[in-house]
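Numbering of ligands and ligand atoms starts at 1, following listing order.
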Amino acid sequence: MVLGARTYCGGVAIAFVKGHGTENDFVVLPDPDGDLELTEGRVRALCDRQRGLGADGVLRVVRAKALADAPAGIDGDAWFMDYRNADGSVAEMCGNGVRVFARYLRDAGLVDGPEVQVWSRAGVRPATVHTNGTVTVDMGQARVLGQSTTTVNEVTHTGLGVDVGNPHLVSVVDSVAALDLSTQPGFDRDFFPRGVNLEFIEVLGPTEIRMRVHERGVGETRSCGTGTVAAAVAALAVRYLTTGAVTVHIPGGTVEITVAEDTCTLTGPAEFVAEGTLTESWWNTYA
Ligand SMILES: N[C@H](CCC[C@H](N)C(=O)O)C(=O)O
């Protein structure tokens, strides 16, 4: 497992690792000292599936002291997941990303033991890397925002807004397969001024749902970890419950969610596909 690079000016190539959590895929960029100039243009190019490595997002592995916008009071040596969406935008949190990030820290020998503290712009997300390769993340408290609407294929759905550190709107539909999510669904920009991740769920049973998602800053993805937590909250709300366990089937696999009054957990796989180095010419092409 690569540990990362300093900078090209030092003549050292920039290392990457490619991984995914239920097929929500990421480029992991080890950059402990914050040397890389990770511009929006480079993120878009990295995530482009023709001119780059291809991914839904980038996880920069950086120590908090190397970040300009690290939360106040955080230990400078804490590991921070600097998450970027494929369109180059910065998001507060990425649930599938935390699973991949935590497993990377363990496999790269940057942390000892199965318990990993992953910091994000939404706060710290403790994770446990299990011996079978799955990871359980403490996702913090999910906060219900109220009802809002989304329009897909000229049909308007009323959904439940849920804040999981990032914004979500979850709508219950008869069939997720019937939805065309190839373009941005409509949503209320007054209710969600910073954009929103849009989940659509089909209830399969009291504790089981199927979900598809159109992610803010990406488009339709095979999975969205924070979205599965929001979906579980909405599925429980359908039964007038605020706590419980829900199995969520997404196109990229299955995750297990627990919802309690004060916090939620997300358990699912984290896989690594490849590791390597970016060519200097490629890196210098995109600024
Ligand atoms: N697109 C999301 C961030 C990534 C969330 C998703 N990939 C996850 O696993 O939670 C947003 O802009 O809030």
* To which protein heavy atom is atom 4 (C) of ligand 1 closest, and what is the distance rounded to 0.1 Å? -> Glu215 OE1, 3.3 Å
* Between Glu220 and Arg212, is there a salt bridge with N-O shorter than 4.0 Å? -> yes
* To do: Enumerate the atoms of ligand 1 whose separation from the nearest heavy atom of Asn197 is less than 4.0 angstrom.
  => 1 (N), 2 (C), 11 (C), 12 (O), 13 (O)
* **For Asn96, atoms of ligand 1 separated by under 4.0 Å from a heavy atom** => 8 (C), 9 (O)
* **Heavy atom of Gly217, distance to ligand 1 below 4.0 Å** => no
* Asked: Which is it for Asn166 and ligand 1 at heavy atoms under 4.0 Å: side chain, backbone, both or neither?
  -> side chain
* Verify, without hydrogens or angle tests, whether Asp31 (side chain) and Asp35 (backbone) share a donor-acceptor contact under 3.5 angstrom. => yes
* Using a strict 4.0 Å threshold on nitrogen-to-oxygen distance, state whether Arg49 and Asp25 make a salt bridge. => yes
* Is Trp79 reachable from Phe26 through a run of hydrophobic residues whose side-chain heavy atoms are each under 4.5 Å from the next? -> yes
* Asked: Are any of the N/O atoms in Ser223 less than 3.5 Å from those in ligand 1?
  -> no
* **Euclidean distance, Phe187 CZ relative to His214 NE2, rounded to 0.5 Å** => 10.0 Å
* To do: May I ask whether Leu266 and Val124 are part of the same hydrophobic cluster, defined by side-chain heavy atoms of I, L, V, M, F, W, Y residues being less than 4.5 angstrom apart, directly or through others?
  => no
* To do: Indicate yes or no: does an N/O atom of Tyr83 lie under 3.5 Å from an N/O atom of ligand 1?
  => no
* Structure fact -> In Val118, Val61, Leu59, the residue satisfying side chain to side chain contact (heavy atoms under 4.5 Å, CB included) with Tyr104 is Val61
* Structure fact -> ligand 1 atoms nearer than 4.0 angstrom to some heavy atom of Met93 are 3 (C), 4 (C), 5 (C)
* Asked: If you measure every N/O of Gly225 against every N/O of ligand 1, is any gap under 3.5 Å?
  -> yes
* Asked: Can you find an N or O of Glu92 that's nearer than 3.5 Å to an N or O of ligand 1?
  -> no
* Mind running salt bridge (charged side-chain N to carboxylate O under 4.0 Å, His left out) on Arg222 and Glu23 for me, showing each step along the way? => CA-CA 6 Å; Arg222 304 273 295 162; Glu23 301 181 6; 2.7 Å; yes
* To which protein heavy atom is atom 10 (O) of ligand 1 closest, and what is the distance rounded to 0.1 Å? -> Thr226 OG1, 2.6 Å
* To do: Can you sort out which atoms of ligand 1 are near Ala91, meaning under 4.0 Å from one of its heavy atoms?
  => 3 (C), 11 (C), 12 (O), 13 (O)
* To do: Treating Ile, Leu, Val, Met, Phe, Trp and Tyr as nodes and any side-chain heavy-atom pair under 4.5 angstrom as an edge, say whether Met81 and Trp119 lie in one connected cluster.
  => no
* Top protein contact for atom 7 (N) of ligand 1, by heavy-atom distance -> Asn24 OD1, 2.8 Å
* Asked: Given that the side chain starts at C-beta and the backbone is N, CA, C, O, which of these parts of Asn85 lies under 4.0 Å from ligand 1, counting heavy atoms, or is it both or neither?
  -> side chain
